[in-house]
Amino acid sequence: MTADRPAARPAEAANSVPSRAGSARRTVLLRGGTVHSPADPFATAMVVEGDRVAWVGSEGAADGFAGAADEIVHLEGALVTPAFTDAHVHLTATGLALTGLDLSGATGLADALARIRAYAAERPADRVLIGQGYDETGWPEGRPPARAELDEAAGGRPLYLTRVDVHSAAVSTALLDLVPGVAGRDGYAADAPLTRDAHHAVRRAAYAAMSPAQRAAAQGAALDRAAAVGIGSVHECAGPDISGEDDFAALLALAAERPGPRVTGYWGEAVTGPADARRVRELGAFGAAGDFCADGSLGSRTAHLTQPYADRPGHRGNGYLDAAAVAAHVAACTEAGLQAGFHAIGDAAVAAVVAGVRAAAERVGLDRVRALRHRVEHAEMLTAETVAGFAELALTASVQPAFDAAWGGEEGMYARRLGAERARALNPYAALLRAGVPLALGSDAPVTPLDPWRTVQAAAFHRTPEHRISARAAFTAHTRGGWRAVGRDDAGVLVPGAPADYAVWAAGDLVVQVPDERVANWSTDPRSGTPGLPDLTPGAELPVCLRTVVAGNTVHPGPIG
């Protein structure tokens, strides 16, 4: 892929150089590749004017635009798609994992402790050590680090170490000492990972101890990684128990100073009336949603279940919001014209959310509730009744297919926590789509990596075959779905007038993949005009991002300048 910049026309010389802020007059012609667009399923070229797509069409017709273009990009067979939207991320934590202590690859307890020691030695000036991603379920020892082990590995310094699901944390004694009264909080354990209120308290202390430079470096690293993998927009799921107001404000300020990716912020806190809704808006949040938690996670056994965990008899997890609390939040948000939403994983939590949203609809009107596209994060343990409830109430399901890839299957973490039968029912994407429930795909980074094509692959090749959806449907949910979740139906697709948010990929042959050869066979016929996508069969080489553009600005130049 190469780029030509024709000689600037006298009246437009200033527009021949790309601007970080973009220009309504600057014109870029991309040609000689494949453009994934419903406007022309056989398109090979695209024209961008300023921050908008102006035209999509054939190579022959592109000649007519060449003379007026400020830049011509020769795609040399590359694929152009809408940039991805990751509908659920935690950017500071993701950046800390990228730049700091990432234990997701630790092979066991001894390896994890060795990595902590090495990290502590490398950062003698850090006031607090922060690590991510340990998963004891795959370690030979089968247990997380004990507090004394962490104290020794961290050299007596404050250490905050989240489990892979980020719903519990192993911490050092020095960090506990920064939180007076932590031993009396719900979720405290004398020598085990902390959950619930105790976990939230130590997380606040750990994040507060970070320097502004440490925070900015982490956030910038996360945004850079998103751009490098073709992500043009992210939904940051923040809140008082997740990252705090200072972190949220700093992130939004940083995003506003950069050309991309775009950051839509959600604040997970209860809204009880107009004053609360006004405060959410003043924070810069798009909605009072994201990780406003109705329960916890399956890995930490804090997801709220109707029946006990298979590996902890009698324990059903933790419900943080009942239907009445959900109804109050949704009604207040709807009255204020503010999008609401919840984190809900277990079947009891999901049922409480559906019941609460339905009660709110009875109070303020179903049409008003549906219009705001309130959302549910994760929504893993669904029943036929709750799927129908999502459709009835127009709830967006913000889901993470990589969870199934990581923890699904007959011997995965889900099966250990729930038993094989219940585990097979998790993440039923096909049932959601059949019911007409809108999907928005994401990663929950740093829980799973920023890796959009692998996310699409995980949905198309779900470990439970009946839950699989077509690659096309998953791709749409990971591009246009995130935009629709924030009320934008004009974006996430390459058609004239749409925002010029796109990515260029080195990809192999394009195909039309469906989860079952009996389903949508018509769409595999070239005469149907269905745009193809890269082959996502497990084991196939996934596309490589060559360039990411947001609002007409190149935010990741990739290997081709």
Side-chain angles (χ1 to χ4, degrees), residues 85-90 93 162-168 195 234-239 241-242 266 268 287 289-306 317-321 326 339-354 356-357 373-383 386-387 389-390 393 395-408 412-414 417-418 422-423 425-429 431-433 437-449 455 458-459 462-464 467 469 474 477-478 481-482 485:
T85 295
D86 192 312
H88 191 121
V89 301
H90 304 281
T162 61
R163 193 183 181 280
V164 63
D165 54 27
V166 199
H167 282 268
S168 60
T195 62
V234 297
H235 297 176
E236 167 71 13
C237 294
D241 294 328
I242 304 299
Y266 283 96
D291 275 343
F292 182 27
C293 292
D295 68 344
S297 72
L298 292 167
S300 292
R301 299 187 188 87
T302 51
H304 192 199
L305 313 183
T306 57
N318 306 98
Y320 305 141
L321 299 171
V326 170
Q339 190 180 40
F342 307 89
H343 160 121
I345 287 179
D347 52 353
V350 174
V353 167
V354 170
V357 178
R373 307 182 187 188
H374 302 308
R375 51 192 285 169
V376 182
E377 310 301 314
H378 315 309
E380 293 199 72
M381 293 186 71
L382 293 158
T383 64
T386 49
V387 169
F390 273 50
L393 301 163
L395 296 174
T396 295
S398 172
V399 298
Q400 297 74 41
F403 287 7
D404 173 74
W407 302 312
M413 182 271 288
Y414 288 154
R417 292 288 186 266
L418 302 173
R422 278 192 295 176
L426 292 180
N427 302 302
Y429 303 137
L432 286 165
L433 284 184
V437 176
L439 298 183
L441 302 193
S443 63
D444 198 10
V447 176
T448 64
T455 296
H462 196 296
R463 289 177 179 271
T464 305
H467 298 331
I469 60 178
H478 211 355

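What you are looking at is a predicted structure, and each value in this text was computed from that prediction instead of being measured.
With hydrogens and angles disregarded, no donor-acceptor distance shorter than 3.5 Å links the side chain of Arg417 to the backbone of Met413. Remark: side-chain polar atoms of Asp404 are not paired, donor with acceptor, to backbone N or O of Ala458 under 3.5 angstrom. Panel note: side chain His462, backbone Asn427; a donor-acceptor pair is recorded below 3.5 Å. Side-chain atoms of His378 never come within 3.5 Å of backbone atoms of Glu380 as a donor-acceptor pair (strictly under, hydrogens ignored). Between the side chain of Ser297 and the main chain of Asp165, no donor-acceptor pair closer than 3.5 Å is present. Panel note: side chain Gln339, backbone Ala485; a donor-acceptor pair is recorded below 3.5 Å. Under a 3.5 Å cut-off, the side chain of Thr386 and the backbone N or O of Thr383 do form a donor-acceptor pair.
Residues Thr448 and Ser443 approach most closely at OG1-O, 2.5 Å, considering heavy atoms. Contact record, Ala303 with Gly346: CB-N, 4.0 Å, taken as the closest heavy-atom pair. For the residue pair Leu441 and Ala474, the shortest heavy atom distance occurs at CD1-O, 3.4 Å. Looking at every heavy atom in both residues, Gly442 comes nearest to Asp86 through CA-OD1, 3.2 Å. Residue Ala344 comes nearest to Val376 through the heavy atom pair CB-CG1, 4.0 Å, listed as atom of the first residue, atom of the second, then distance. Contact detail for Ala289 and Gly341: the closest heavy-atom pair is CB-N, 3.3 Å.
A search for salt bridge (charged side-chain N to carboxylate O under 4.0 Å, His left out) contacts involving Arg373 returns Asp489, not counting sequence neighbours. Among residues two or more places apart in sequence or in another chain, the ring-ring contact (aromatic ring centres under 6.0 Å, His included) test is passed with His478 by Phe84. Annotation: side chain to side chain contact (heavy atoms under 4.5 Å, CB included) contacts of Ala397 (sequence neighbours excluded): Phe390, Val399, Leu432, Val437, Leu439. Ala423 pairs by the side chain to side chain contact (heavy atoms under 4.5 Å, CB included) definition with Tyr414, Ala415, not counting sequence neighbours. Evaluation of the ring-ring contact (aromatic ring centres under 6.0 Å, His included) rule for His374 yields no partner, not counting sequence neighbours. For His304, there are no ring-ring contact (aromatic ring centres under 6.0 Å, His included) partners at least two apart in sequence or on another chain.
Between Val447 and Gln400, every side-chain heavy-atom pair lies at or beyond the 4.5 Å cut-off. Between Thr162 and Ser168, the closest side-chain pair of non-hydrogen atoms is not below 4.5 Å. In this structure, the side chains of Asp291 and His90 come closer than 4.5 Å at one or more pairs of heavy atoms.
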* To do: Go through the steps for His235 and Arg375 under the test side-chain hydrogen bond (donor to acceptor under 3.5 Å, both in side chains), then give the verdict.
  => CA-CA 12 Å; His235 297 176; Arg375 51 192 285 169; 3.1 Å; yes
* For the pair Leu393 and Val354, evaluate side chain to side chain contact (heavy atoms under 4.5 Å, CB included) and give the outcome as yes or no after the intermediate values. => CA-CA 8 Å; Leu393 301 163; Val354 170; 4.3 Å; yes
* So Val164 and Trp407, side chain to side chain contact (heavy atoms under 4.5 Å, CB included) or not? Walk me through it. -> CA-CA 11 Å; Val164 63; Trp407 302 312; 3.9 Å; yes
* Check against side-chain hydrogen bond (donor to acceptor under 3.5 Å, both in side chains), Asp347 and Thr306 -> CA-CA 6 Å; Asp347 52 353; Thr306 57; 2.7 Å; yes
* **Test log, rule side chain to side chain contact (heavy atoms under 4.5 Å, CB included), inputs Leu298 and Met381** => CA-CA 10 Å; Leu298 292 167; Met381 293 186 71; 4.3 Å; yes
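Here the straight-line distance linking atom SG of Cys237 with atom CG of Asp444 works out to 7.5 Å at 0.5 Å rounding. With rounding to the nearest 0.5 Å, the separation of CG in Leu426 from NE2 in His467 is 7.5 Å. Atoms CD1 and CG, from Ile345 and Asp295 in turn, are 6.0 Å apart once rounded to the nearest 0.5 Å. Distance check, rounded to the nearest 0.5 Å: OG of Ser398 to CD of Glu377 gives 3.5 Å. Here the straight-line distance linking atom OG1 of Thr455 with atom CZ of Phe403 works out to 10.0 Å at 0.5 Å rounding. Between Asn318 atom CG and Cys293 atom SG the span is 11.0 Å, to the nearest 0.5 Å.
You'll find the ring centres of His343 and His88 outside the 6.0 Å limit.
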